[in-house]
Amino acid sequence: MNASPAAVSASAPGAPSAPAAQSWGRVRASRRSADKLLIVACTGATVLGALVLGSILLMLIVQGVQGFSPALFTQVTPGPGSAGGGIANAILGSLVMTALGIVVATPVGVLAGTYLAEYGRASHLANLIRFLNDILLSAPSILIGLFVYTLMVRPMGGYSGWAGGVALAIIATPVIVRTTEDMLRLVPGTLREAGAALGAPTSIVIRSVTWRAAQSGIVTGVLLALARIAGETAPLLFTALNNNSWFSPNLMGGVANLPVMIYQFALSPYENWRQLAWAGALLITVTILGLSIVARLVLSGPKGR
Amino acid sequence: MVALSENVAVAARPEIARRPPSPAGDRLFRTAAFASALLVLAVLAGILGSIAYGGWPAFREFGPGFLVSSAWNVGREQYGALVAIIGTLVSALLALVIGVPVSLGIAIYLTQLCPGWARRPVAMTIELLAAVPSIIYGMWGLFVFAPLFARFVQIPVSNLVEGMPIVGTLFYAQVPSGVGVLTAGIILAIMIVPFVASITRDMLDQIPTVLRESAYGIGCTTWEVVRHVLIPQASVSIIGAIMLGLGRALGETMAVTFVIGNANRLSASIFDPGSTIASRIANEFNEADGLQLSSLMALGCILFVVTFIVLIIARLLVRRAKVA
């Protein structure tokens, strides 16, 4: 507050008589340059952010597109030193584990979000759960990997796709809880009262009135969760690991997946491995960015906020 | 009376009587919702419990000395957390120092300077930065950023400061390969920018327009409005957003693993390779067993406690700010 009062009083005496343009001319040069600096710095920061995104996409396209071929989607990842190969097993493994994660996380997350918004509301327990869910939302994913390793990999005697799916589900759940609760809170109370006035018990009001009103928001939450877990690497490192062949149908043993494949192949000495890593990186990034854009469009659609 | 006549009507024409919703179904739904909510608690407790259990042998073997020992010798079974703790803190703090001004700049641009038609696409672009998987940041950092950084920053700066006191050690790269603690800090900064910027933007948006307009009304420039009106109004939430960014930077794994160089030594220079708790776990966990495995778990436990405290502070400050 030190600069402005002095500056204002300095320009005030001349202001009433002089035209507007001249009084702006009397604003102290230091104030004006500070203002210019702010505009340049803020615009620069935003441009910088956009440039980084552009540069990442450019890198992926330049390096990844040449790796695209039919073999990429039909062949399994090659062993060390062997030529050619594709990433079909990694794509399928990622799809299976991501689907597993979402299938587990969606009902749990939607129900927990419903509890917070409709039953628990402002009770102490609900506040505690809400608070801890927010913390789980930003908890380091590598710790979730360690947890699932202790919980499933060690007792079951080896890496498995199930453990990978559970780890992804644990990451996806808090996202869904959070968006579901936020969206249910936007539903006007009068809708619930109207349902209750028809004699419907709470559970039916929730299922056929509140959920339906918040549908697009809940779908957005699931899509955002999907985008979040599709690229997660750290938790899969200790749970599903990787595999250079098709995984067994019972999902036991290592299950190939895109993120861990990219991690291992990108840092390998083999040219064809690195090429596959780039192609996989392009594939996964385009998928995730597409999902995020769709999620935001669903939310800001005609029924959105 | 009304209820009675309804019953009569229903009894007379049973085909219009719908089965009344059973109270059991209502209770079942409520129980399911409650159980799901409790599951969130159980998972968090499970994470802490399992990591503490896994790390217990290391804590018992090395005692409190585990925190201050810089040893990490697989052959002699000597493990300490100091190097990884320092690497984690330094890289995260560098990320804040670089990332926070940029985040504030973006938030101010989006709320104050950006023309209306461009707001949504620009905001979307910044938010998409948050969606890029961390492993992609790692590849970008290692293959695109690190070579440029080595050529245009590390080598010139190292040549410039060589032999100088303090800065000569702080900014001297023994091997100017582009990877190192500062590189990790910069990549982390890019990763936390979208989170901090989006929360700050929401907070700035919530400030009543009247406040802004009255400041402009007494002749303030945009800078003065931002500096003396907006920032003080939103300061608590902005600190919360920064803590949230810190929480993310502390636990980030894959991107850091690519660019930090993974060396177990204490170095005074931020250009030199180091390691963080998360990168060490990611690097060694799959080949580890016995005491090494347990030491890695103990590292995870330390990371859990630190991020937990940071995130609690963040959440208390932000109080239900929107997080995408």
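Reminder, nothing fancy here: chain letters follow the sequence lines and each chain counts from 1.
The side-chain heavy atoms of B/F145 and A/V52, taken from C-beta on, include no pair separated by under 4.5 Å. Side-chain atoms of B/R248 and A/S138, non-hydrogen and from C-beta on, do get closer than 4.5 Å to each other. Looking at heavy atoms from C-beta onward, A/T233 lies out of side-chain contact with B/P133 at the 4.5 angstrom threshold. A/F147 has its side chain out of reach of B/F304: every pair of non-hydrogen atoms, C-beta onward, lies at least 4.5 Å apart. The closest side-chain heavy-atom distance from A/I39 to B/W223 is not below 4.5 Å. Using a 4.5 Å cut-off on side-chain heavy atoms (C-beta onward), B/L303 and A/I142 make contact. In this structure, B/T257 and A/Y263 have side chains that are in contact, with non-hydrogen atoms separated by less than 4.5 Å. Using a 4.5 Å cut-off on side-chain heavy atoms (C-beta onward), B/L250 and A/P140 make no contact.
Expressed to the nearest 0.5 Å, how far CD1 of B/I136 lies from CE of A/M59 amounts to 6.5 Å. To the nearest 0.5 Å, the span separating CD1 on A/I135 from CG on B/L244 amounts to 10.0 Å. Distance check: A/N133 CG to B/L41 CG gives 9.5 Å after rounding to the nearest 0.5 Å. Within the model, atoms CD of B/E127 and CG of A/L53 stand 12.0 Å from one another, a figure rounded to the nearest 0.5 Å.
Among B/I108, B/L129, B/L113, B/V225, the residue making the largest number of heavy-atom pairs under 4.5 Å with chain A is B/L129. The candidate with the highest count of non-hydrogen atom pairs below 4.5 Å against chain A, out of B/A32, B/A282, B/A35, B/S36, is B/S36. Contact tally against chain B (heavy-atom pairs below 4.5 Å) for A/L289, A/T114, A/L128: the top residue is A/L289. The greatest number of non-hydrogen atom pairs below 4.5 Å with chain B, out of A/I293, A/I144, A/T179, is found for A/I293. Your options are B/T125, B/L39, B/V122, B/T222, and the one with the most heavy-atom pairs under 4.5 Å with chain A is B/T222. The choice from B/I281, B/V193, B/I126, B/T307 that makes the most heavy-atom pairs within less than 4.5 Å of chain A is B/I281. Ranked by heavy-atom pairs under 4.5 Å with chain B, the list A/A295, A/A234, A/A227 is led by A/A234. If you tally non-hydrogen atom pairs under 4.5 Å between each of A/T43, A/L143, A/L48, A/T202 and chain B, the highest count goes to A/L143. Most heavy-atom pairs under 4.5 Å with chain A: of the set B/V102, B/L296, B/T253, this distinction falls to B/T253. Considering only heavy-atom pairs separated by less than 4.5 Å from chain A, the leading option among B/I47, B/V40, B/I51 is B/I47.
Of all the heavy atoms in B/G105 and A/C42, the pair that sits closest is O-CB, 3.4 Å. Residues B/W140 and A/S55 approach most closely at NE1-OG, 2.6 Å, considering heavy atoms. Closest of all the heavy-atom pairs between A/L297 and B/R120 is CD2-NH2, 4.3 Å. The shortest non-hydrogen separation linking B/A37 to A/Y115 is CB-CD2, 3.6 Å. Between B/A131 and A/I288, the shortest heavy-atom contact is O-CG2, 3.3 Å.
No side-chain donor-acceptor contact under 3.5 Å links A/D35 to the backbone of B/T221.
Using a 4.5 Å cut-off between heavy atoms, A/A50 touches chain B through backbone and side chain atoms alike. With a 4.5 Å cut-off on non-hydrogen atoms, B/R27 does not touch chain A at all. Within the 4.5 angstrom heavy-atom criterion, only side-chain atoms of A/L60, from C-beta onward, approach chain B. The parts of B/M139 that come within reach of chain A are both its backbone and its side chain, each placing non-hydrogen atoms under 4.5 angstrom from that chain. When heavy atoms are compared at a cutoff of 4.5 Å, B/I312 approaches chain A by way of both its backbone and its side chain. Only the side chain of B/I190 comes within less than 4.5 Å of a heavy atom in chain A; its backbone stays farther off. Neither the backbone nor the side chain of A/L151 comes within contact range of chain B; no heavy atom of the residue lies under 4.5 Å from a heavy atom of that chain. Within the 4.5 angstrom heavy-atom criterion, no atom of A/L37 approaches chain B. At a 4.5 Å heavy-atom cutoff, the contact between B/L293 and chain A is made by side-chain atoms alone. Heavy atoms of A/L267 lying under 4.5 Å from chain B belong exclusively to its side chain. At a 4.5 Å heavy-atom cutoff, the contact between A/L132 and chain B is made by backbone and side-chain atoms alike.
Surrounding OH of B/Y53 are at most 12 heavy atoms belonging to other residues, nucleotides or ligands under 6.0 Å away. More than 12 heavy atoms of other shown residues, nucleotides or ligands fall within 6.0 angstrom of atom CZ in A/R207.
Ring geometry for B/F29 versus A/Y119: interplanar angle of 30 to 60°, hence tilted.
In this structure, B/R315 is not positioned above the aromatic face of A/F131 in the sense of NZ or CZ being under 6.0 Å from the six-membered ring centre and within 45° of the axis.
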Report the C-alpha separation of A/S203 and B/R30 in whole Å, then their side-chain angles, then the decisive distance to 0.1 Å, and conclude whether the side-chain contact (heavy atoms from CB on, under 4.5 Å) test is met. CA-CA 7 Å; A/S203 66; B/R30 195 196 159 111; over 6 Å; no

List the steps, then state whether side-chain contact (heavy atoms from CB on, under 4.5 Å) holds for B/V226 with A/L38. CA-CA 9 Å; B/V226 167; A/L38 172 85; 4.1 Å; yes

Apply side-chain contact (heavy atoms from CB on, under 4.5 Å) to the pair A/L146 and B/S50, showing each step before the final yes or no. CA-CA 8 Å; A/L146 291 182; B/S50 68; over 6 Å; no

Could you give me the CA-CA distance, side-chain angles and deciding distance for B/L110 and A/T46, then say whether side-chain contact (heavy atoms from CB on, under 4.5 Å) is met? CA-CA 8 Å; B/L110 280 173; A/T46 313; 5.5 Å; no

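Neither side chain, A/Y149 nor B/N286, offers a donor N or O lying under 3.5 Å from an acceptor on the other.
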